[in-house]
Student: 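What follows is a single structure, and I will ask about it in a moment.
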Amino acid sequence: MEGEMEMDVAGDGGEAASARKEVLLTAINAKYIHSNLAVYSLKENAGAYAGRVGIAEYTINHLREEILQGVYRRSPEVAAFSCYIWNIRYVLDIAADLRKILPNALIVLGGPEVSYDAPQVLERYSFVDLVMVGEGEDTFREFLECYFGGGRDFSHIHGLCLRDGGRPVLTLPRQAAEMDSLVFPYRNAGGLENRIIYYETMRGCPFSCSYCLSSIEKGVRVKSLPKVFEEIRFFLEHKVKQVKFVDRTFNCNHEHAYQIWKYIWQNDNGVTNFHFEISGDLLREEDFSLLKKFRPGLVQLEIGVQSTNRAVIREIRRKTDLSRLAYSVSRIRKEGNIHQHLDLIAGLPYEDLASFRRSFNEVYGMAPDQLQLGFLKILKGSYMEEKRESYGMEYADCPPYEVLSTHWLSYGDVIILKQVEEMVEIYYNSFQFQASLALLEQCHENAFEMFANLGKYYDINGYFGMKHSRAARYEILWEYVRKYFPEREREFQQALTYDLYLRDYVKNPPPFVRQRSKAYVEWVHAFLEEEAAQPEILCGYGGFTAKQLFHMVYVDEFTLDMELLLKQKRIRTCRPRTYVFDYRSRNPLNHNACTHAIMRGHFAESGAGER
């Protein structure tokens with residue numbers, strides 16, 4: 001919260017801001033590190049009145065009264081809010097109170113959460129003066145020209161919903177803007193280095209997925225490559241930590257995607273990471289040839305699978321070649337330099353629990369770096385919303401409108417899937433249990449059963465809803481193993497220990513960590529003496545003594561073949577092998593320590609722990 005409060009105060013501008021009347025664009029983001037592309041784009045495209053537009057960014061972790069106070073201190077003539085499913089309740093509560101304390105301010109809403117039922121928004125909420133419908137750059141600029149020009153009749157401006165004699169009226173729809181006509185959103189923004197920057201090079205989507213709002217807009221508008229390169233150069237020069245492209249199906253235009261990837265590779269600054277949402281089945285051979293050249297960590301790919309049930313895929317109007325997608329994921333994984341994030345959606349039509357289990361196991365078998373198990377959200381304006389009754393879909397009245405049940409999935413099934421989702425987040429997506437999960441899979445019929453049973457164990461023991469430390473997560477898994485698979489204790493003891501130290505040197509280890517013998521510790525000291533004098537393995541620790549190294553790297557002996565377990569998920573005992581956990585050398589994709597395998601003082605091999 002400290003960082004968020006600093007941002008809030010800096011945004012207020014004190015008395016100076018209060019004295020200068022302004023239009024205030026307010027964003028309430030999901031996290032502090034996120035940027036809000038919409039408000040930056042509106043401000044930079046505001047034309048002659050951009051100097052009268054201010055930005056205030058908060059997060060959903062702020063107290064509502066903190067946001068209310070911050071907006072009040074700015075004393076805006078117009079208070080405009082960017083609305084999404086994750087912040088709409090905050091926005092409405094704050095706007096209602098703002099009307100009471102700034103009765104003369106114009107309150108404006110915009111964004112996807114209010115664009116598709118704008119008349120109903122005005123009918124329900126008397127404190128809202130107007131709604132901007134659809135993309136807003138041109139609409140907002142024309143609104144400012146009218147407002148600061150002394151006019152209060154906005155009915156001639158396209159893309160608005162306003163009141164006429166007390167009833168809501170939609171003006172003519174706004175024609176979509178040419179991408180190259182839009183001003184770069186971040187040209188005057190500061191403090192971007194430690195934030196996730198959202199960026200777009202296209203609008204629209206060529207596909208018609210029934211659950212997605214992007215399918216409503218027909219056609220795709222693309223920003224020219226010279227303009228894209230110029231804007232990417234800005235991010236590279238400012239050493240932005242991560243740029244997240246919000247383009248839907250980034251590689252739907254192959255040449256556009258390829259040239260951007262090529263530019264990023266050729267101009268890599270060694271710091272910035274670029275995130276893309278792509279269709280895996282659209283990747284071509286020249287894409288693979290280029291992607292394998294990337295610095296590890298330069299790019300991460302999000303690939304929406306959603307389901308492997310072809311009847312489901314057809315019904316939601318997706319076009320996916322699943323075998324080609326699996327091939328693409330395998331090709332990229334083989335190179336080991338790009339983080340892949342695969343998505344599944346629970347609650348889709350025709351997908352029951354058995355079908356989802358198959359989808360989960362097939363995607364898990366693709367070995368993504370992260371597997372995101374999401375739940376269908378019935379978005380306003382989507383085709384899925386039109387079909388909700390025929391699908392028997394019950395969903396939450398409050399945002400994010402998550403599905404509760406369908407003709408094929410009961411709420412009891414949803415509960416099971418929620419538990420699986422949390423277990424996947426904790427034990428798979430964290431990268432902290434790789435060896436343990438590889439071993440645990442051998443004890444279950446399939447991956448879904450493994451996570452479902454683990455979730456059931458959490459539920460029975462009241463572990464859900466509790467905040468657990470990292471060490472506690474390992475101890476819970478150790479409890480689970482000892483209860484249900486006591487014959488595998490020795491193997492799990494080693495796998496858990498390996499995983500534990502693969503992330504960090506734990507000073508107070510959990511009970512499953514075997515205490516190293518006095519003789520072995522003496523050998524470790526001798527080994528570190530040799531490394532301190534003439535490093536062969538620990539090359540990044542120059543100047544440290546053996547005593548210091550003993551508390552900086554962890555060294556332990558294992559009889560479980562860890563390489564075989566991690567790479568092939570096969571279990572084999574071997575001669576005692578010592579592993580050195582090097583925390584100054586980490587895998588850039590999962591941040592695990594590099595491990596060096598040695599045979600009692602003789603260097604054998606090295607490599608980073610990988611899935």
Side-chain angles (χ1 to χ4, degrees), residues 26-30 36-39 42 60 80-96 107-136 139-140 158-163 167-174 176 198 200 203-205 207-218 246 248 304 306 315-318 343 345-349 374-406 414:
T26 303
I28 304 175
N29 303 325
N36 186 291
L37 174 60
V39 295
L42 290 178
I60 57 176
F81 294 87
S82 182
C83 303
Y84 303 88
I85 55 176
W86 66 78
N87 72 5
I88 187 64
R89 291 313 316 171
Y90 290 80
V91 168
L92 292 172
D93 290 347
I94 291 161
I107 295 178
V108 179
L109 305 185
E113 187 53 25
V114 293
S115 283
Y116 299 98
D117 63 344
Q120 290 80 4
V121 170
L122 291 186
E123 286 175 351
R124 289 191 207 106
Y125 308 111
S126 60
F127 51 83
V128 178
D129 292 300
L130 59 89
V131 176
M132 292 192 178
V133 178
E135 61 182 62
T139 303
F140 184 62
H158 295 184
L160 290 179
C161 185
L162 39 78
R163 289 191 173 87
R167 66 188 183 87
V169 175
L170 286 165
T171 66
L172 291 174
R174 168 66 58 182
Y198 290 89
E200 62 183 352
R203 288 181 180 176
C205 182
F207 304 114
S208 303
C209 304
S210 61
Y211 53 81
C212 181
L213 293 179
S214 295
S215 64
I216 296 173
E217 181 182 347
K218 303 304 179 187
V246 297
R248 297 296 181 187
Q306 319 315 3
E315 185 63 23
I316 62 176
R317 309 196 299 191
R318 278 181 70 84
D343 295 340
I345 297 179
L348 294 172
F375 289 80
L376 180 65
K377 296 167 180 60
I378 313 300
L379 302 179
K380 298 173 185 175
S382 68
Y383 181 68
M384 187 68 73
E385 185 190 31
E386 294 180 26
K387 297 278 288 181
R388 65 189 186 279
E389 289 186 7
S390 64
Y391 295 147
M393 287 181 171
E394 298 291 345
Y395 60 97
D397 291 333
C398 296
Y401 316 114
E402 244 179 36
V403 70
L404 300 172
S405 64
T406 70
V414 170

Student: Taking atom SG of Cys83 and atom CD of Glu113, what is their separation to the nearest 0.5 Å?
Tutor: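 Reported to 0.5 Å precision, the distance equals 8.0 Å.
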Student: Return the OG to OH distance between Ser405 and Tyr395, rounded to the nearest 0.5 Å.
Tutor: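 These two atoms lie 12.0 Å from each other.
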Student: Between the main-chain N or O of Ile107 and the side-chain N or O of Asp129, is there a donor-acceptor pair closer than 3.5 Å?
Tutor: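 Yes; at least one donor-acceptor contact below 3.5 Å.
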Student: When you measure from the side chain of Asn87 to the backbone of Tyr84, do you find a donor-acceptor pair of N or O atoms at a distance under 3.5 Å?
Tutor: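 Pair found, side chain donor or acceptor close to backbone of Tyr84.
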Student: Side chain to side chain contact (heavy atoms under 4.5 Å, CB included) for Met384 and Leu379? Distances and angles first, verdict last.
Tutor: CA-CA 8 Å; Met384 187 68 73; Leu379 302 179; over 6 Å; no
Student: Do you know the tightest heavy-atom contact between Ser210 and Glu315?
Tutor: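 Here Ser210 and Glu315 meet closest at OG-O, 4.4 Å.
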Student: Rounded at 0.5 Å granularity, tell me how far CG in Leu42 sits from CD in Glu135.
Tutor: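 Here the interatomic distance stands at 10.5 Å.
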Student: Between Ser82 (side chain) and Val39 (backbone), is there a donor-acceptor pair under 3.5 Å?
Tutor: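 No; judged by distance alone, with no hydrogens or angles, the pair does not exist.
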Student: Under a 4.5 Å cut-off applied to non-hydrogen side-chain atoms, are Leu130 and Cys161 in contact?
Tutor: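 Of all side-chain heavy-atom pairs linking Cys161 with Leu130, none is under 4.5 Å.
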Student: Nearest heavy-atom pair of Pro399 and Ile88: which atoms, and what distance?
Tutor: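 Here Pro399 and Ile88 meet closest at CG-CG2, 3.1 Å.
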Student: Minimum heavy-atom separation for Met393 and Leu348, please, with both atom names.
Tutor: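 Minimum heavy-atom separation between Met393 and Leu348: CE-C, 4.5 Å.
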Student: Locate the shortest heavy-atom distance separating Thr171 from Gly159; write the atom from each residue and the value.
Tutor: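 Result for this residue pair: OG1-N, 3.1 Å.
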Student: What residues form a salt bridge (Lys or Arg N to Asp or Glu O under 4.0 Å) with Glu385, not counting sequence neighbours?
Tutor: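 Listed in chain order: nothing, the list is empty.
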Student: For Tyr383, does the six-membered ring have the charged nitrogen or CZ of Arg317 within the cation-pi criterion, i.e. under 6.0 angstrom from the centroid and within 45° of the normal?
Tutor: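 Yes, Arg317 lies over the aromatic ring of Tyr383.
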Student: Hey, does Val169 have a side-chain heavy atom less than 4.5 Å from the side chain of Arg163?
Tutor: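 No, every pair of side-chain atoms sits at 4.5 Å or beyond.
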Student: To check you understand the geometry: which heavy-atom pair defines the closest contact between Trp86 and Ile28, and what is its length?
Tutor: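 In terms of heavy atoms, the two residues are closest at NE1-O, 3.2 Å.
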Student: Let me see the working for Thr139 and Leu160 under side chain to side chain contact (heavy atoms under 4.5 Å, CB included), right down to the final yes or no.
Tutor: CA-CA 8 Å; Thr139 303; Leu160 290 179; 3.6 Å; yes
Student: How close do Ile60 and Ala30 get, heavy atom to heavy atom, and via which atoms?
Tutor: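 Distance-wise, the nearest heavy atoms are CG1-O, 3.6 Å.
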Student: Can you tell me if Arg174 uses its side chain to pair, donor with acceptor, with the backbone of Val133 under 3.5 Å?
Tutor: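 Checking the backbone N and O of Val133 against the side chain of Arg174, no donor-acceptor pair under 3.5 Å is found.
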Student: Is there a donor-acceptor contact under 3.5 Å from the side chain of Thr406 to the main chain of Gly347?
Tutor: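 Judged by distance alone, no pair lies under 3.5 Å.
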Student: Apply side chain to side chain contact (heavy atoms under 4.5 Å, CB included) to Ile94 and Phe81, showing your working.
Tutor: CA-CA 10 Å; Ile94 291 161; Phe81 294 87; 4.2 Å; yes
Student: Do Val91 and Leu109 have side chains that approach each other closer than 4.5 Å (heavy atoms only, starting at C-beta)?
Tutor: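 Yes - at least one pair of side-chain heavy atoms lies under 4.5 Å apart.
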Student: Report, as yes or no, whether the 6.0 Å neighbourhood of atom CD on Gln120 holds more than 12 heavy atoms from other residues, nucleotides or ligands.
Tutor: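 Yes, enclosed.
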Student: Is there a side chain to side chain contact (heavy atoms under 4.5 Å, CB included) between Tyr211 and Gln306 once you walk through the steps?
Tutor: CA-CA 11 Å; Tyr211 53 81; Gln306 319 315 3; 3.4 Å; yes
Student: Between atom CZ of Arg318 and atom CD1 of Ile345, what is the distance when rounded to the nearest 0.5 Å?
Tutor: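 Rounded to the nearest 0.5 Å, the CZ-CD1 separation comes out at 7.5 Å.
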Student: State, yes or no, whether a side-chain contact exists between Arg203 and Val246 at a heavy-atom distance under 4.5 Å.
Tutor: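 No. Closest side-chain heavy atoms not under 4.5 Å.
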Student: To the nearest 0.5 Å, what is the distance between CG (Leu162) and CZ (Arg167)?
Tutor: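 Interatomic distance, Leu162 CG to Arg167 CZ, rounded to 0.5 Å: 10.5 Å.
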Student: State the CD1-OH distance between Ile378 and Tyr391, to the nearest 0.5 angstrom.
Tutor: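 Reported value, rounded in 0.5 Å steps: 10.0 Å.
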